[in-house]
Peer 1: 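Shown below is the structure under consideration.
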Amino acid sequence: MQKLGDELMVKGDGYVGTRKRDGSMQFLFYHYVHVDRLFASGDWSELSSSTRYDVFEEKGSKAYELTLSNLEGPYKCTSYQLDRDHGSVFDEWTRMGSPYSLTEEEILFLNGRSGPVMGTEMIRDESWHREILLPPHGVMLLILDRQY
């Protein structure tokens, strides 16, 4: 959230776009999924130390499209993606077999897997289009910095 700008450009269901004074733009996309009725009523029977997602409503992936036009000059787009397959230490731990006691090597491994996955792309055209597909609980931040 600290990477977002101070000027709101656009806001909708699952996304927000901001701008900073330096001309950079930030677009945050998120796919919120609420807990199911059973869990909300106080029944935690589906929750265990290694199964955390069974208590959420069943929802598929959510698609977004971002189209920008009249871009002046080249931009560098840095993406940050966080979801069950990108940067989730909990999910990496469950893929390891949910070990109760971790070795120092396993802790180092998990530390290296925590945090969003980054990517970059140069935008040289006046218009740019990006399709974003987020799984449940997924988050993606796109930061466009003007290149001089």
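In what follows, every heavy atom counts, from backbone to side chain, and hydrogens, waters and symmetry copies are set aside.
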Peer 1: Following the transitive rule for hydrophobic clusters with a side-chain heavy-atom cut-off under 4.5 Å over Ile, Leu, Val, Met, Phe, Trp and Tyr, establish whether Met122 and Tyr148 coincide in one cluster.
Peer 2: no

Peer 1: Could you go through Arg95 and Asp85, starting from their C-alpha distance and side-chain angles, then the distance that decides it, and tell me whether this counts as salt bridge (Lys or Arg N to Asp or Glu O under 4.0 Å)?
Peer 2: CA-CA 10 Å; Arg95 284 189 280 274; Asp85 293 322; 3.7 Å; yes

Peer 1: Could you tell me how the ring of Phe90 sits relative to the ring of Trp93: parallel (under 30°), tilted (30 to 60°) or perpendicular (over 60°)?
Peer 2: tilted

Peer 1: First locate atom CD of Glu126, then atom OG of Ser69, and finally report the distance between them rounded to the nearest 0.5 Å.
Peer 2: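 So the gap between those two atoms works out to 9.0 Å.
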
Peer 1: Taking it one step at a time, do Arg84 and Asp91 satisfy salt bridge (Lys or Arg N to Asp or Glu O under 4.0 Å)?
Peer 2: CA-CA 6 Å; Arg84 293 184 71 178; Asp91 290 293; 3.1 Å; yes

Peer 1: Using a 4.5 Å cut-off on heavy atoms from C-beta on, say whether the side chain of Thr78 contacts that of Leu142.
Peer 2: no

Peer 1: For the side-chain contact (heavy atoms from CB on, under 4.5 Å) test, which of Ile143, Leu28, Val117 pairs with Tyr80?
Peer 2: Ile143

Peer 1: Measuring only between side-chain heavy atoms, which start at C-beta, is His137 closer than 4.5 Å to His31?
Peer 2: no

Peer 1: Just wondering, do Ile132 and Phe27 contact through their side chains at under 4.5 Å, heavy atoms?
Peer 2: no

Peer 1: Taking all heavy atoms of Gly14 and all of Tyr64, pick out the closest pair and write down the distance.
Peer 2: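 Scanning both residues, the minimum pair turns out to be O-OH, 3.4 Å.
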
Peer 1: How long is the gap from CG on Leu102 to CZ on Phe109, to the nearest 0.5 Å?
Peer 2: 11.5 Å

Peer 1: Should Tyr30 and Lys62 count as side-chain neighbours, where that means a heavy-atom distance under 4.5 Å?
Peer 2: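 With C-beta onward as the side chain, the pair stays apart.
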
Peer 1: What is the minimum heavy-atom distance between Asp83 and Ser88, and which atoms define it?
Peer 2: O-CB, 3.3 Å

Peer 1: Do Asp22 and Ser24 meet the criterion of a side-chain donor-acceptor pair at a distance under 3.5 Å?
Peer 2: yes

Peer 1: How far does CD of Gln81 sit from CE of Met140, to the nearest 0.5 angstrom?
Peer 2: 3.5 Å

Peer 1: State yes or no: do Tyr32 and Tyr15 share one hydrophobic cluster built from I, L, V, M, F, W and Y residues joined by side-chain heavy-atom distances below 4.5 Å, directly or via other members?
Peer 2: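 No, separate clusters.
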
Peer 1: Run the side chain to side chain contact (heavy atoms under 4.5 Å, CB included) check on Phe29 and Leu66 step by step: do they pass?
Peer 2: CA-CA 10 Å; Phe29 300 90; Leu66 176 62; 4.2 Å; yes

Peer 1: Would you say Phe56 and Asp36 make side-chain contact, with heavy atoms under 4.5 Å?
Peer 2: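 Not touching, per the 4.5 Å side-chain cut-off.
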
Peer 1: Restricting to non-hydrogen atoms, name the atom on Pro135 and the atom on Leu133 that form the minimum distance, rounded to 0.1 Å.
Peer 2: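 Taking every non-hydrogen atom into account, CD-O, 3.9 Å.
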
Peer 1: Is there side-chain contact between Cys77 and Trp128, with at least one heavy-atom pair below 4.5 Å?
Peer 2: yes

Peer 1: Do Val10 and Ile123 share a hydrophobic cluster, counting only Ile, Leu, Val, Met, Phe, Trp and Tyr and linking them when any side-chain heavy atoms are less than 4.5 Å apart?
Peer 2: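 Hydrophobic grouping puts Val10 with Ile123.
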
Peer 1: Drop me the distance from Glu7's CD to Arg19's CZ, to the nearest 0.5 angstrom.
Peer 2: 5.0 Å

Peer 1: Do His129 and Glu65 have side chains that approach each other closer than 4.5 Å (heavy atoms only, starting at C-beta)?
Peer 2: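 A side-chain contact under 4.5 Å exists here.
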
Peer 1: So which atom in Gln26 and which in Lys3 form the shortest heavy-atom distance, rounded to 0.1 Å?
Peer 2: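 Heavy atoms of Gln26 and Lys3 come nearest at CG-O, 3.3 Å.
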
Peer 1: Using a distance-only test with no angle check, is there a side-chain donor-acceptor pair under 3.5 angstrom linking Asp125 and Ser127?
Peer 2: no

Peer 1: CG/Leu141 to CG/Leu4 distance, rounded to the nearest 0.5 angstrom?
Peer 2: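 Rounded to the nearest 0.5 Å, the CG-CG separation comes out at 6.0 Å.
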
Peer 1: Does Arg146 form a side chain to side chain contact (heavy atoms under 4.5 Å, CB included) with Glu72? I'd like the steps, not just the answer.
Peer 2: CA-CA 8 Å; Arg146 190 162 178 200; Glu72 295 179 11; 4.0 Å; yes

Peer 1: Would you indicate whether the side-chain heavy atoms of Met25 and Leu71 approach each other to under 4.5 Å?
Peer 2: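 Yes, at least one pair of side-chain atoms sits under 4.5 Å.
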
Peer 1: So which atom in Asp6 and which in Lys20 form the shortest heavy-atom distance, rounded to 0.1 Å?
Peer 2: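 So the two residues come closest at OD1-CA, 4.0 Å.
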
Peer 1: Nearest 0.5 Å, please: how far is CZ in Arg130 from CG in Leu144?
Peer 2: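 Rounded to the nearest 0.5 Å, the CG-CZ separation comes out at 9.0 Å.
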
Peer 1: Work out which heavy atom in Ser114 is nearest to a heavy atom in Val89; give both atom names and the distance.
Peer 2: CB-CG2, 3.4 Å

